[in-house]
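These notes are about the structure you will find just below.
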Amino acid sequence: MQGVKLPVTVKCEINVLLIAVTVLGLLTRLYGIQFPTSVVFDEVYYGQFVSLYMKRVFFIDESGPPLGHMILALGGYLGDFDGNFVWNRIGAEYTSNVPVWTLRLIPALCGSLCVPLGYLLMVELGYSHFTALGASLLLLMENSLIVQSRFMLLESVLIFFLLLAVVSYLRFHKAPKSSLWRWLWLFLSGASCAFAVGVKYMGLFTYLLLLGLAAVHTWHVIGDKTLSNGKVLVQVVVRFLVLVVMPAVLYLGFFYVHLILLYRSGPHDQMMSSAFQASLEGGLSRITQGQPLEVAFGSQVTLRSASSKPLPCWLHSHKANYPIRYENGRGSSHQQQVTCYPFKDVNNWWIIKDPSRQSLVVSSPPRPVRHGDIIQLLHGMTSRFLNTHDVAAPMSPHSQEVSGYIDFNVSMPAQNLWRVDITNRESDRDVWKTILSEVRLIHVNTSAVLKLSGASLPDWGFRQLEVVGDKIYKGYQQSGVWNVEEHRYGRSHEQKERELELKSPTHDDISRNLTFMAKFIELQWKMLTVRNEESEHKYSSLPLEWITMDTNIAYWLHPSSNAQIHLIGNSVIWTLANLALFVYVLLFLTYLLRRRRKIEDIPEACWEQLVLAGVVCSGGWIVNYLPFFLMEKTLFLYHYLPALTFQILQIPVVVEHLYTHVLRSPSQQKAFGGVILAALCSVYFCYRTFSPLTYGKPELTSEELAALRWRESWDILFRKR
Amino acid sequence: MEDSCGEGSCTQSQSCTTVRSRKPCMDTEKYREKGCSKKPETRRAARVSSTDTQGFNGTSSEKRLCKRENQLRSDSDHTPLCPLLSVAALSLCTRFYRITEPPHVCWDETHFGKMGSYYINRTFFFDVHPPLGKMLIGLAGYLTGYDGTFPFIKPGDKYEHHNYWGMRGFCAVLGSCLPPFAFLVVLELSHSTPAALITASLLIFDTGFITLSQYILLDPILMFFIMGAVLSMVRFNRQRLRPFSWSWWLWLLLTGVNLSGSLGVKFVGLFIILLVGINTAWDLWRLLGDLHLSLVDFMKHLIARIFSLIMLPLFLYTTIFAVHFVILNRSGPGDGFFSSAFQSRLIGNNLHSASMPEYLAYGSIITLKNLRIAGGYLHSHWHLYPEGVGAHQQQVTAYLHKDNNNLWLVKRPNSDDFTELIRHGDIIRLEHKETTRNLHSHLHEAPLTKKHLQVTGYGINGTGDPNDLWQVEVCGGKKGDPVKVLRSKVRFLHRSTGCVLYSSGKTLPKWGWEQVEVTCSPYLKETPNSQWNIEDHINPKLPNISLHVLKPSFLEILLESHIVMIRGNSGLKPKDNEVNSKPWHWPINYQGLRFSGVNETEYRVYLLGNPVIWWLNLFSLGLFVVMVSLCSVALQRGAKLEGTRKAHCQVLMEGGGLLFLGWLLHYLPFYTMGRILYYHHYFPAMLFSSMLTGISLDTFLQNADLLFSPAISKRILRGGQIVLLVGILYSFYLFHPLSYGMSGPLAHDPTSSMAGLRWLDSWEF
């Protein structure tokens with residue numbers, strides 16, 4: 001009878017525990033997530049992207065890859081969000097069309113599932129179910145994880161994928177060598193790594209840790225002399241494919257979906273190249289669709305600088321001359337200014353003229369301009385030729401001034417011949433193509449290159465950007481490369497007609513598409529290189545402050561009462577985690593040194609288990625924490641949460657090790673059990689104490705709030721009555 | 001046979017000191033190697049196997065082993081003298097050839113030459129690098145009769161009658177030590193003379209190393225110490241069987257000395273410290289695992305290393321700074337970078353032996369210095385903010401020079417009672433001495449930092465409004481603490497808006513005379529930008545005390561100068577519009593540096609590595625990785641390797657591994673650096689890369705018999721060596737004008753002497 005009953009009950013017990021912690025996780029994270037119905041902290045940031053997804057409008061966000069935003073947008077999609085909400089202020093009330101519950105649902109679900117994942121991780125590391133229960137309870141009662149999960153933020157999603165990746169890899173590693181299921185676990189691990197990296201770049205470091213672990217395990221496989229060479233090769237190749245190639249492909253996939261979803265032009269268009277913009281519906285393509293592809297003599301064009309530093313801009317000229325003398329006493333040619341102008345303007349139009357002919361219209365058939373051809377560029381509105389000469393440029397005196405020249409002035413000869421140098425040509429007779437060709441304009445007399453210097457002109461130049469001729473131009477510089485963005489074949493012979501023609505929009509219909517890879521590379525590069533200006537923030541903090549939680553973040557304050565939500569962790573857990581890490585390092589070093597002297601305190605298997613647990617937990621903490629010291633961006637306490645999760649998991653590992661291996665006598669073990677119980681109780685107490693700040697309810701009085709300010713450095717808000 | 005060969009080559013040595021007889025000498029070398037290749041190799045194998053088994057043998061066999069090892073050692077101690085001498089001679093020749101050309105200041109000579117002069121003149125200056133390199137340059141100049149009078153204003157200035165050759169020659173001597181050192185290191189690691197010769201010829205004939213060694217720069221000095229440390233380290237590693245012998249101590253201490261030298265020249269020296277540290281940790285780990293060694297002996301080992309590799313370098317490093325501070329005791333251009341307390345040490349500075357009241361009181365006239373590095377003095381003048389920039393009131397800025405407009409009068413609000421000391425928490429008004437305007441802030445945005453509030457001068461002759469009130473706060477103080485002149489860090493909190501007086505470090509446009517912006521920041525984090533100290537203090541009612549007592553201690557000075565250096569380093573940010581050198585440019589020799597001359601008419605020197613050598617190095621790095629992977633996979637799979645093959649594996653994995661690690665440590669960190677980077681930062685890594693090339697190419701050629709029959713493989717070995725040598729020499733012949741100077745048309749011109757040699761568009765010669 002008992003022989004039948006026992007396995008059943010044991011099985012049930014595991015399930016019940018796991019289910020119980022899952023349910024508790026769901027309760028703590030999902031309970032009342034639609035409160036408050038106003039914008040909480042960084043929701044104001046992510047929300048705008050969700051709206052843009054809903055409207056299918058293209059954007060660039062340099063903070064992370066698109067998967068995270070897409071996951072949040074999925075919540076909006078499930079709630080039929082139309083994207084109509086102005087995300088401009090923390091604390092703004094949501095309008096009724098914003099599905100607050102579904103928007104916050106997915107991060108909350110991910111956050112809840114971290115609790116059972118912590119449980120599973122402990123089991124996979126070979127620890128007892130008691131320990132696993134302890135781990136999941138600690139994660140359950142960590143206030144900061146709860147707060148971060150309950151809103152439309154990405155950290156909980158990241159943590160979820162990180163834990164999933166580690167758990168499934170350990171499953172794979174422990175599974176019997178013969179089973180085919182294990183490959184499924186490996187597959188899941190690779191996929192979660194890709195998802196984690198896709199949510200935030202920070203996921204990369206845990207991915208590298210996991211790769212390192214996998215490399216060591218693979219190295220053991222290679223050293224396994226019972227396996228044939230062929231089998232070893234298969235093992236190595238499969239692991240490589242699943243853990244390296246597949247995540248890379250998935251990562252590309254995220255961008256693919258991202259670009260499929262966002263096909264409309266939007267506010268960030270101008271950061272991208274013309275070709276990229278032309279691929280978006282509505283933006284540049286509305287203007288450029290159907291432009292003639294081949295630039296011909298007589299073409300009217302706008303020339304866009306390939307460099308977007310400091311701003312994307314177009315070659316421009318206007319009816320104002322360089323001042324005769326600059327402030328510093330240097331002289332100029334006093335000819336018409338040529339600048340680069342960051343806005344669309346009729347003065348951005350230039351006409352390409354054949355120096356040997358007078359005609360300013362495109363002949364029929366058009367004579368295309370090819371690589372190496374000599375051209376003149378005539379400014380459409382003022383009929384000045386683009387000219388450069390040996391006069392120092394206004395802001396960059398090492399380079400030549402570029403001016404608009406007309407033959408009134410006998411004192412200076414015209415030097416207005418330019419050679420077309422197509423840098424991305426395939427052959428030496430390539431035709432200059434709209435948008436696609438990147439062109440350098442090389443001055444024939446001085447071999448200076450037309451270039452955006454990066455400086456802006458002072459008031460006399462209307463603060464537009466300076467354009468110069470660079471004689472010592474070297475290598476490939478984006479600032480010296482231009483492309484034709486808007487283009488039409490000129491038809492008017494008279495200046496008046498021409499001005500009208502220039503003012504009219506371009507038309508015709510053909511569309512040009514970039515390949516996905518080209519778009520991906522451009523977008524990814526832009527995301528990695530675009531830097532927002534270093535911004536100070538009231539709640540920004542330094543990595544060193546995170547360990548001791550010397551800082552907090554106020555997420556939300558009720559507009560009229562003292563109810564507020566803060567990112568504040570469970571102090572007891574943070575202390576325990578620091579302690580556990582310290583004890584672990586101590587234990588590890590002691591064992592390591594003693595083992596080197598052939599003194600074996602614990603059995604080999606136990607040692608290996610301890611090392612593996614250390615690699616996962618302490619290693620996870622290290623790789624998610626230390627990189628922040630090298631980062632120069634504005635940092636917040638929530639950046640520490642992935643590291644904290646791993647650090648918390650270190651607590652039960654150390655506790656179980658101390659309990660089973662260090663404390664030998666039963667009385668000590670009993671006492672230690674008591675300590676553990678007491679610690680758990682104080683964790684619960686701390687969780688309860690801070691839950692008003694975690695959930696935003698109930699409202700506390702000023703005295704109660706003051707009592708919660710356990711640290712001087714915490715910034716808790718008091719409403720003046 | 002070995003001996004006779006050695007003799008043979010030594011008799012050659014008399015005639016092979018000149019450059020021209022290099023080839024015959026090399027050929028004999030080859031001959032020697034070929035003739036006796038069998039014997040050394042088998043010996044190497046024996047040596048390897050003996051070290052392999054050494055861990056497992058009992059004490060009884062130790063003696064026998066030692067004896068055998070000693071015998072082996074005495075053989076390998078036989079450093080081939082002829083090649084070494086010719087390497088040294090050749091490197092001296094290549095480095096000293098036309099060393100006085102061009103007779104004008106080149107590139108960074110303008111900095112380091114100037115700093116050498118400062119040492120001779122004993123004027124204080126500031127630099128982002130530690131002082132040893134510049135001190136040595138100064139010493140070399142001093143000893144060769146340079147009087148420190150040349151101003152080194154800008155590159156291109158003619159030296160004329162000034163003695164500059166001494167400083168250049170000193171750098172060149174140190175630079176010439178690199179090839180022989182590398183030769184010895186590779187010989188030590190691979191026990192193969194051809195490998196060592198490959199390395200040495202790479203370094204001798206690299207135009208980059210030659211150029212970098214010929215001028216007054218820190219790099220030859222830095223690399224000398226780096227190579228010195230590597231050499232002593234590998235020599236020390238070899239002494240492991242004779243612990244605590246005098247040679248063991250010698251090399252250990254030398255390693256420590258070289259470490260302090262390299263750190264004393266540039267902070268890049270940290271990387272070599274890291275390499276030595278890793279090597280030492282590995283060595284200690286091995287010793288710890290040796291159960292025949294008692295723990296007491298192990299502790300002896302540990303303490304010996306802690307003493308020689310940590311305590312000794314630390315001591316020497318501090319000594320360098322002590323000497324630096326003792327020598328530079330006069331006020332100079334570096335004063336402004338340092339705090340007021342620091343300045344009081346310098347003869348000629350107005351804080352030197354100045355006396356003033358110690359505690360701030362009402363009625364005092366003061367100057368306030370911002371605690372940010374190179375933070376200015378709080379300043380105001382009659383000019384107003386222009387229309388459209390906040391309120392149209394008087395400007396308040398931070399100014400880096402001493403000026404009467406920096407003086408402020410501390411007043412009690414609404415009263416002229418001038419007696420009491422000012423304490424933490426007091427409310428004060430600051431009146432500008434010259435214009436009698438009050439320091440004022442209000443809810444207008446600041447001119448540049450838009451999130452901050454504008455600070456102006458407002459009111460006149462003692463009138464004002466509540467926006468002129470500031471609360472004094474001593475950092476780290478509590479209510480009632482008095483405010484100390486020079487020593488206290490003070491913040492000024494604006495009474496009505498709660499913001500704090502702040503200097504952003506941004507330069508104002510023309511209307512603000514390009515002085516530094518001062519704002520009132522609503523973010524109350526304690527940063528040096530919002531902290532000020534009181535530098536000048538005039539109050540006739542209070543007794544003046546001498547500031548000698550306030551002089552900072554040596555450790556404080558040391559700490560401060562390090563903080564200033566580190567901040568100065570991270571402050572060297574690349575400017576947006578300049579083309580910056582990126583770490584990935586370096587190994588591919590993408591772009592060099594102009595040392596001298598731009599135009600066709602000028603004498604041009606261009607720092608660029610010999611592309612053949614650099615690309616060979618790049619290729620060898622790949623080759624090394626492939627070979628090591630093959631080796632280790634084969635070993636891991638338990639492949640049975642015969643004697644020589646196993647020895648080669650070991651050389652690759654141990655010697656090569658050490659050098660590869662050195663390369664990584666000297667290269668990868670640059671990717672994480674935010675400061676501006678230059679091409680010449682790669683040269684220390686390049687040293688390791690060249691040594692690695694010697695080992696990997698030699699091993700590669702020697703293992704040709706894996707694919708070919710022994711006869712052919714021998715021919716391949718010899719052919720390969722000859723091709724390498726000829727290639728290096730010919731490429732040096734082609735590119736030598738880069739180092740020794742070019743004039744005439746630039747390379748894109750077909751009439752130029754360098755025509756056709758501009759293989760990459762990015763090269764600028």
Side-chain angles (χ1 to χ4, degrees), chain A residues 218-225 227-229 232-233 236 307 309-310 327 395-396 398 423 447 451-456 458-459 465-466 471-480 531 533 535-542 545 551 592-599 627 629-632 713 715, chain B residues 284-291 293-295 298 386 449-452 502 504 509-511 521-527 529 570 573 575-579 581 585 590-592 594 598-599 629 632-639 669 671-675 746 748-749 758 760-765:
Chain A
T218 314
W219 190 242
H220 290 318
V221 170
I222 293 175
D224 184 352
K225 280 146 203 159
L227 293 174
S228 70
N229 284 346
V232 168
L233 194 66
V236 172
S307 153
K309 274 181 211 160
E327 284 94 335
M395 311 309 289
S396 325
H398 299 296
T423 54
S447 59
K451 179 180 148 176
L452 183 65
S453 75
S456 355
D459 286 332
L465 300 167
E466 186 198 34
K471 276 201 288 192
I472 48 173
Y473 182 92
K474 60 213 173 191
Y476 174 88
Q477 292 174 25
Q478 279 209 321
S479 53
R531 282 269 167 272
E533 203 185 322
S535 58
E536 242 177 320
H537 193 283
K538 189 170 176 213
Y539 290 105
S540 64
S541 49
L542 297 174
E545 297 171 323
T551 160
L592 188 73
L593 293 178
R594 284 169 69 85
R595 283 171 63 81
R596 188 71 184 161
R597 299 297 293 180
K598 300 279 181 299
I599 307 166
F629 284 95
L630 298 176
M631 288 187 196
E632 289 180 359
S713 50
D715 214 343
Chain B
L284 284 171
W285 184 243
R286 188 187 56 80
L287 288 172
L288 186 65
D290 181 0
L291 293 183
L293 204 65
S294 73
L295 271 182
F298 176 75
T449 315
K450 299 291 182 197
K451 285 182 175 175
H452 292 186
Y502 187 94
S504 65
K510 278 264 165 57
W511 56 256
S521 163
Y523 308 107
L524 299 184
K525 286 254 163 74
E526 287 203 0
T527 64
N529 299 54
S570 52
K573 286 274 154 61
K575 296 198 183 90
D576 273 349
N577 300 317
E578 282 175 12
V579 183
S581 187
H585 290 170
Y590 178 77
Q591 199 172 50
R594 283 207 192 92
V598 179
N599 294 334
S629 320
S632 39
V633 168
L635 288 177
Q636 180 77 359
R637 288 297 296 161
Y671 281 96
T672 64
M673 284 188 198
R675 66 161 278 173
L746 297 169
H748 61 73
D749 193 324
R758 207 174 146 200
L760 292 184
D761 275 347
S762 47
W763 295 347
E764 310 142 302
F765 53 78

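Naming convention: chains lettered A, B, ... in sequence-line order (proteins, then strands); numbering from 1 in each chain.
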Gap between atom OG1 of B/Thr672 and atom CE of A/Met631 - 0.5 Å precision: 12.0 Å

Which portion of A/Asn229 sits near chain B, non-hydrogen atoms under 4.5 angstrom: both

Sequence neighbours left out, what passes side-chain contact (heavy atoms from CB on, under 4.5 Å) with B/Ser632? Give chain and number order. A/Trp219, B/Val628, B/Met653

Between A/Ile599 and chain B, which part of the residue has a heavy atom less than 4.5 Å away: side chain, backbone, both or neither? neither

To the nearest 0.5 Å, atom CH2 of B/Trp285 lies from atom CG of A/Leu592 at 3.5 Å

A/Arg597 and B/Leu287 have their tightest heavy-atom pair at NH1-O, 4.0 Å

Taking every non-hydrogen atom, the tightest pair across B/Arg637 and A/Val232: NH1-CG2, 3.2 Å

Under 4.5 Å from any heavy atom of chain B, what part of A/Val236 do you find: side chain, backbone, both or neither? neither

Heavy-atom nearest pair, B/Gln636 first then A/Ile222, reads CG-CG2, 3.8 Å

Say you draw a straight line from CZ of A/Arg594 to CG of B/Leu288; how long is it, rounded to the nearest 0.5 Å? 12.0 Å

Side chain, backbone, both or neither: which part of A/Leu593 has a non-hydrogen atom closer than 4.5 Å to chain B? both

Can you say whether B/Leu524 sits under 4.5 Å from chain A via the side chain, the backbone, both, or neither, judging by heavy atoms? neither

